[in-house]
Amino acid sequence: MLPRLRRSWDKHWSAWAMVVPVVVVMAVLIFYPLVNGVWLSFTNQTEANQLAEICTKSITGGEVCKDNPNAWSFVGLDNYVSVLTGKVGEFWMWASNTLIWTVAGVTFHYGLGLGLAVMLHRQFRFRGLYRVLLVLPWAVPAFISAFAWKFLFNERLGLVNSVLNAVGLDSVAWFSDRWSALFVATLTNIWLGVPFMMVAILGGLQAIPEELYESAEIDGATPWQRFRAITLPGLRPVSMTVILLGTIWTFNMFPIIFLVTEGQPAGQTEILVTGAFRAAFEGLRNYSLASTYGVLILSILLIFSVFYRRVLRKQGEVW
């Protein structure tokens, strides 16, 4: 092993010199926190028991330290059993929220992004202006969009309820019900995510040769037949990639739920990432529970990615 590494270094030393700093930075910023988080999930460490020793000041001005009888300890799989059986937290409700949130978000992201990309791919006046305007939601920071949409659905001052009142309907307490609150959060996420899908799919459309459309039109193919036989197959590599990325990003989309619904009502709109955050940073900080949620989230996404990769290979896609 070592001789092979030495020969590789002698032959490709410049490449190694550029790669090593990146690997070191990734090890410090990603791999170490990941390994530490997995380790914490097998302990019962909290804010109260994280210290192995308790030190108090003495009368003489020094410090007296003694062992903490309630110090954290290794508990094995107890955290996973407690989370998955519902003894701690609301894992299954949060997981169902996450699934609904992710499926709805990615479906509308891709569907609307595809429709807009197809329209913007055509030649018409002010096409460049429309492209810029439709990308703006992507350029606005997520937290600003979150506050804006939350204000739109405010029960007393929001524009949506004002419109309802103007047509003779009663105001709706959007954040007092689980499903209406998730609906508002999903709308916000769609607003933020569609521009990325649109831009990515538009790039894929521009890579499809125009000759294919011209030949199909000469052969008498209708617009729908051209879309189904040329556009969709031509977009398959781009579509598979953006759907995977969109799924991962939406699954872990923390700021929308945290800022728009704030988990209302009574934590019923939390998703897994916001639940992990609250376990780690609110109340008695339970680091082991938050790490357990993090490992479960990572495991779900890894399983999805492996399954998704197998589906792509069966369809002949190389990834």
Side-chain angles (χ1 to χ4, degrees), residues 26-53 67-106 178 181-182 185-186 189 244-258 261-311:
M26 290 182 65
V28 173
L29 297 180
I30 298 177
F31 298 134
Y32 171 73
L34 176 61
V35 173
N36 188 53
V38 173
W39 162 249
L40 283 176
S41 70
F42 295 110
T43 70
N44 63 351
Q45 187 174 139
T46 66
E47 186 179 23
N49 65 11
Q50 62 178 327
L51 297 178
E53 291 184 340
D67 293 337
N68 182 3
N70 299 316
W72 64 273
S73 60
F74 181 82
V75 296
L77 296 174
D78 288 357
N79 289 325
Y80 294 94
V81 173
S82 298
V83 168
L84 295 176
T85 57
K87 294 179 181 179
V88 178
E90 298 288 346
F91 175 81
W92 292 110
M93 183 178 71
W94 296 347
S96 65
N97 287 344
T98 306
L99 179 62
I100 295 168
W101 154 266
T102 303
V103 171
V106 174
R178 176 188 180 187
L182 274 177
T186 303
N189 187 42
L244 176 63
L245 292 176
T247 300
I248 295 173
W249 290 340
T250 304
F251 197 94
N252 288 321
M253 181 60 75
F254 170 82
I256 304 304
I257 295 292
F258 185 77
T261 72
E262 299 180 7
Q264 299 176 35
Q268 293 183 34
T269 58
E270 299 282 9
I271 59 176
L272 290 174
V273 290
T274 58
F277 173 85
R278 296 190 191 281
F281 297 105
E282 293 185 358
L284 180 61
R285 300 180 178 181
N286 194 329
Y287 305 127
S288 59
L289 179 60
S291 297
T292 303
Y293 280 125
V295 173
L296 290 172
I297 291 169
L298 177 61
S299 302
I300 293 170
L301 291 175
L302 283 176
I303 292 172
F304 169 76
S305 299
V306 170
F307 175 77
Y308 192 78
R309 185 168 180 265
R310 288 184 177 179
V311 171

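Every residue meeting the side-chain contact (heavy atoms from CB on, under 4.5 Å) condition with F307, not counting sequence neighbours, appears here in chain and number order: V311. For the ring pair (Phe, Tyr, Trp, His ring centres under 6.0 Å) test, no residue two or more places apart in sequence or in another chain qualifies with F251. Not counting sequence neighbours, F31 has no partner by the ring pair (Phe, Tyr, Trp, His ring centres under 6.0 Å) test. Partners of T102 according to the side chain to side chain donor-acceptor pair (under 3.5 Å) rule, which considers only residues two or more places apart in sequence or in another chain, do not exist here. Here E47 pairs with nothing under the salt bridge (Lys or Arg N to Asp or Glu O under 4.0 Å) rule; sequence neighbours left out.
Under the 4.5 Å side-chain criterion, counting only non-hydrogen atoms from C-beta, I300 is not in contact with I303. Considering only heavy atoms from C-beta on, W92 comes within 4.5 Å of L84 through its side chain. At least one side-chain heavy atom of L296 sits under 4.5 Å from a side-chain heavy atom of V83. Between T247 and Y308, every side-chain heavy-atom pair lies at or beyond the 4.5 Å cut-off. Using a 4.5 Å cut-off on side-chain heavy atoms (C-beta onward), V38 and S291 make no contact.
Summarising the geometry, atom CG belonging to N97 is positioned 4.0 Å from atom CZ belonging to R178; distances are rounded to the nearest 0.5 Å. With rounding to the nearest 0.5 angstrom, the CG atom of L34 is 10.5 Å from the CE atom of M26. Going from atom CG of L77 over to atom OG of S41 covers 8.5 Å, rounded to the nearest 0.5 Å. To the nearest 0.5 angstrom, F281 atom CZ is 7.5 Å from Y287 atom OH.
The aromatic rings of F277 and F258 sit perpendicular to each other, their planes meeting at more than 60°, with 30° as the lower class boundary.
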Given side chain to side chain donor-acceptor pair (under 3.5 Å), test N286 with S288 step by step and report yes or no.
CA-CA 6 Å; N286 194 329; S288 59; 2.9 Å; yes

Self-check item: Criterion side-chain contact (heavy atoms from CB on, under 4.5 Å) on N252 and I297, from CA distance to verdict
Solution: CA-CA 9 Å; N252 288 321; I297 291 169; 3.5 Å; yes

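Of the candidates F42, F91, Y293, F42 is the only one forming a ring-ring contact (aromatic ring centres under 6.0 Å, His included) with Y80.
When all heavy atoms are compared, the tightest approach of G105 to T186 is N-CG2, 4.5 Å.
Identified under the salt bridge (Lys or Arg N to Asp or Glu O under 4.0 Å) test for residues 265-286, with sequence neighbours left out: E270-R278, R278-E282.
One N or O on the side chain of W101 and one on the backbone of T250 form a donor-acceptor pair closer than 3.5 Å.
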